[in-house]
Amino acid sequence: MASQPVLHAEKLAKRVTSGERTLTILHDLSLSVAAGESVAILGKSGAGKSTLLGLLAGLDTPSDGELTLFGHALSRLDEDGRAALRAGRVGFVFQNFQLLPTLSALENVLLPLELSPRAGEARTAEQWLERVGLGERTSHQPKQLSGGEQQRVAIARAFVTDPELVFADEPTGNLDPDTGAQIIDLLFTLNHEAGTTLILVTHDHALARRCDRCLRLTNGQLEAFDPAPASSEEGDE
Amino acid sequence: MSDINWRLAARSLKRDLRAADVRALFVALVLAVAASTMIAFFLDRLERGLERQAGQMLGGDLVLEQRDPFSEELRNTLEQAGFTLSDQVDLVSMISQGERFQPASLKAVDDIYPHYGVSHVDRGNGVEQIASGPPAGEAWADPRLAELIEIEIGDRVQVGQTELTISGIIEREADQSAGFGNFNPRLMLNTADLEATGLVQPGSRIEFELLAAGPPAALEQVQGLLAQLRRDGVEVRDVRVDRPQLGNALQRAESYLGLAGLAAVLLAGVAVAMSTRRYVERHLDTAALLRCFGASQYQLVTIFSLQLIGLALMASILGALLGLVGQSLLLWLLTSFLPMTLPPPGIMPLWLGIFTALSVLVGFAGPTLLRIKQVSALKVLRRELDPLPPAAWLVVGVASIVFGGLLWLYSGSFPLALALLVGGSALLALLWGVSSLLLNGLLRAVQRLTGGGEWVQAFRLGGRQLARRKQAGLGQLLAFSVTFFAMAMIVLVRGDLLTTWQDQLPEDTPNYFAINIQPGERDAFEQAVAPRVDTQSTLYPMVRGRITEINGQAPRDAVPADARGDNSLRRELNLTWQSDLPEGNQVVAGQWFTPASEPQGWMSEVDATPSSDSETVPISVEDGLAERLGLGLGDEITFAVGSDSIITRIDSLRSLNWDSFNPNFFVIFPPGVLESFGHSFITAFHLPDEEQGLVRELVSDFPGVSLLNVDAILGQVRDVLTQVTRAVELVLILVLLAGVSVLYAALTASRPVRAHESGLLRVFGAGNRMISRVQGAEYALLGFASGLLGAVLAELATAALYLYWLDLTPRLHIGLWLTLPIGGALLIGVIGHALSYSLRRQAPAASLGLLGEA
């Protein structure tokens with residue numbers, strides 16, 4: 001790992017105040033992710049996984065600490081600057097798919113492509129839909145697709161801009177085990193082929209094991225973790 | 001990048017057209033544009049049509065009149081500016097046939113006459129419409145003249161030193177604008193015969209008229225020249241300035257249409273504000289996702305603004321088309337009143353429509369739309385992270401400012417717009433407080449309802465639902481009140497306008513004027529007329545007098561430069577005397593003559609020596625004339641009556657109703673001054689159809705008395721009123737539609753919340769009927785409160801409008817206080833209930849969002 005890390009977090013902290021009480025969700029958290037690496041972040045429900053993902057992707061700002069994404073210190077960027085940094089370079093896969101209900105599968109995939117400075121063509125989007133096995137259903141709207149198919153569209157959307165970094169937030173959380181397994185295969189295959197850096201948030205140990213590195217979020221901090229096959233269903237929603 | 005914005009905006013707009021909120025927004029904008037362009041198109045064409053009609057009545061677009069022939073130089077200048085010229089000469093002369101002599105008003109016209117319109121002439125084959133004057137050697141007489149000297153077609157009459165053949169009886173002249181100034185019967189001849197008559201001599205009383213017809217640009221070009229001519233004492237009538245004023249009825253109708261247009265715009269604005277709220281809420285997820293993919297705040301605002309602007313443009317085009325159709329419908333309704341050929345619609349109203357749509361959008365949707373900018377990308381992970389809605393004061397403030405601007409644009413009066421805006425805002429603030437109290441009170445009352453009936457339970461539950469989201473409920477309450485208010489106001493004003501119009505011209509409005517009744521004939525005439533007519537106005541004595549001095553100066557030097565050619569300075573005025581203020585007159589400044597202010601002195605003194613100029617006589621002057629001549633209270637006017645001079649002082653100014661079909665006078669003297677001068681009487685009466693025989697008797701018994709039949713004019717005015725009424729009703733429908741669009745928008749906006757609530761109720765075991773009743777009850781409560789507030793607003797606003805804009809007397813509308821709350825409860829209850837029908841059919845899992853995407 002001689003090259004510069006894609007993402008580097010130094011002593012991150014996130015506190016929220018509700019009324020008189022201050023709640024510390026993350027503290028003193030450091031993390032470095034190298035290019036091409038796949039990292040799984042495990043944790044129980046309510047451990048702060050989503051909060052951490054939001055911080056790492058620049059969707060939210062930390063209370064303390066410094067975060068560097070693609071060599072840019074996020075604290076020096078405003079909301080728009082962080083958005084511009086993401087454009088075309090970061091892909092997302094969400095638990096609840098987050099497809100726009102009014103757009104067709106193809107249009108959903110085109111969306112990040114159109115916002116990206118390295119704008120591609122509609123053909124690229126079609127090719128990605130073919131790769132996820134939905135070449136025949138480009139004009140279908142999300143509500144006409146099954147959950148698994150919707151997540152495939154979302155995966156095509158995450159990879160269409162040829163991003164350097166993909167965040168996946170519980171990508172199988174809303175799917176049945178069989179479909180989930182197919183989706184995971186697809187995700188890792190595509191990730192492997194494209195050589196993308198992957199940060200995967202999950203509570204599924206089986207899923208985590210497929211990553212290069214596993215980290216567990218407990219008490220607001222990350223620790224190295226070896227998800228043993230026996231404890232695969234630890235932590236539940 | 002901008003290319004992407006366009007594409008994204010276009011694509012999602014296309015899909016969004018299916019969403020209820022976007023449809024509501026679209027319908028609201030279409031209605032706003034349709035109403036405003038329809039009214040603007042219509043008023044624009046009406047204005048220009050009236051100008052054309054005025055041109056016809058004046059005899060040209062520009063009419064010059066003086067005592068001497070016009071110079072070649074002036075003719076050349078006018079012709080070069082693009083005018084076609086026509087000459088006309090007016091004079092009074094005795095004409096005769098055999099032993100019968102009669103003074104007649106001669107009007108000599110050239111071969112170009114008339115510039116506009118046609119004359120109605122009977123040349124022996126019934127009445128024909130003829131677009132020319134009599135040829136040389138011939139003359140046309142009016143029916144009265146024919147009767148007085150017993151002439152028929154083909155007879156020859158002596159005019160000055162020549163004889164002319166009567167070739168037609170002229171029923172109506174193409175340019176007949178003559179009032180009662182000229183009581184002699186008409187004889188129309190050709191200018192070619194004028195010289196032969198030998199009547200045109202230096203010093204004889206002749207008016208030379210130059211009638212010019214030309215485009216507005218030509219008129220514009222000669223304005224400088226006209227000002228100079230006015231200063232030289234030439235009487236200048238310019239179609240744009242001197243056109244007959246719109247009657248009160250039509251003027252009020254214009255105000256009403258303007259008001260209705262604004263009401264429609266305001267309603268549309270409210271609908272836009274409500275739909276935008278839902279629109280933005282629906283797009284927050286999209287915005288967050290776009291943010292996640294790297295869209296900037298600016299880009300978000302651009303994409304959604306472009307979408308709404310696209311929507312507004314589509315709505316403008318559709319609205320403008322509807323406006324075009326609507327205005328032709330309006331014109332069709334008014335067609336028998338308006339001149340046949342109206343100028344085509346101009347382009348200006350179209351821009352006005354588009355501008356209106358965009359302004360309404362910016363003003364009523366802008367602040368809400370900006371909320372989309374605030375959305376956090378983190379919302380993709382945490383759904384509950386919605387940006388705060390914009391502060392109510394900001395939304396209302398921006399909307400008020402924009403609406404104020406539109407008010408200014410439409411009314412053309414900044415003070416009026418500002419007053420309405422400030423008043424409206426104060427009222428709105430007050431309304432907010434009052435509606436909060438009202439809603440609280442109402443909800444508390446509902447909670448106290450006892451008894452186990454299903455409806456009672458429904459009202460308790462409905463009331464509780466409303467109480468739970470009081471802020472949203474307040475917003476809706478406010479929107480509904482404003483809607484009911486605007487709708488009610490337009491209905492109320494319409495009703496009162498119609499009543500006023502009907503009162504203005506009751507069945508027994510005078511249809512005959514009798515002029516030139518000699519003092520000796522007065523009693524006999526009165527005895528002949530009184531038993532056979534329905535109504536009769538006072539007999540007014542009439543003395544002819546000329547203004548010779550104003551404040552000791554020659555009148556031409558004392559009045560504003562552009563009034564030097566004014567008719568009142570060039571001709572004799574009809575003066576009368578009255579001890580009481582005539583009906584329909586109102587003193588607007590100074591004091592009417594009171595017995596106390598009539599010192600015995602001047603009365604007796606004047607009686608003794610009418611020519612004495614040591615005493616000034618108090619007089620009352622019509623306010624319009626005073627304004628034209630720059631006169632005010634205390635100014636001294638000297639009149640020449642016969643060979644005497646009377647010095648007078650203006651003691652009061654009167655406004656009078658020129659539409660009243662009663663004799664009206666510019667100048668009224670107190671009794672005791674003019675009696676000794678030669679005078680005649682004038683009166684007006686309504687002769688019922690079955691008594692028409694009286695006319696013939698009066699003509700033979702009182703040959704010197706002129707009878708004018710105004711039935712035709714009266715009928716025309718009545719027609720106008722009927723047609724304007726229909727136009728008003730058409731606009732009313734549009735406003736009501738706009739109101740319904742608000743209700744639709746508001747109820748659509750609140751659907752998701754209600755879906756959630758009915759889902760919960762169902763989970764807890766409520767049946768379909770219960771849910772339906774709870775929703776019905778909630779809507780009905782909202783409707784009742786809104787109706788009550790709407791009634792307060794409407795009553796206050798109509799009172800203010802009547803006082804300051806429409807010139808009507810305010811009155812209390814009791815029906816309103818019953819209709820609005822009950823009607824509101826029913827209307828909102830029924831529409832809301834119907835709109836949420838599909839919600840009640842939903843499984844609770846769907847309405848509660850348990851299936852993921854809600």
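Letters go in sequence order (proteins before strands), and every chain restarts at 1.
For the residue pair A:A83 and B:A295, the shortest heavy atom distance occurs at CB-O, 3.5 Å.
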Self-check item: B:L289 and A:R157: CA distance, side-chain angles, deciding distance, side chain to side chain contact (heavy atoms under 4.5 Å, CB included) verdict
Solution: CA-CA 12 Å; B:L289 200 62; A:R157 183 179 64 181; 3.4 Å; yes

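Heavy atoms of other residues, nucleotides or ligands lying less than 6.0 angstrom from CZ of A:R123 number more than 12. Summarising the local packing, CG of A:N219 is surrounded by 12 or fewer heavy atoms from other residues, nucleotides or ligands at distances under 6.0 Å. In A:R152, the CZ atom is crowded: over 12 heavy atoms of neighbouring residues, nucleotides or ligands sit closer than 6.0 Å.
The CZ atom of B:R291 sits 4.5 Å away from the CD atom of A:E79 when rounded to the nearest 0.5 Å. With values rounded to the nearest 0.5 angstrom, B:F293 atom CZ is found 6.0 Å from A:L111 atom CG. From A:L100, atom CG reaches atom CG of B:L290 across 6.5 Å, with rounding to the nearest 0.5 Å. Summarising the geometry, atom SG belonging to B:C292 is positioned 4.0 Å from atom CZ belonging to A:F94; distances are rounded to the nearest 0.5 Å.
A:S104 touches chain B through backbone and side chain together, each having a heavy atom under 4.5 Å away.
Applying a 4.5 Å heavy-atom cutoff, the residues of residues 368-378 of chain B that approach chain A are B:S376, B:A377, B:L378.
The closest donor-acceptor contact from the side chain of A:D80 to the backbone of B:S296 lies at 3.5 Å or more, if one exists at all.
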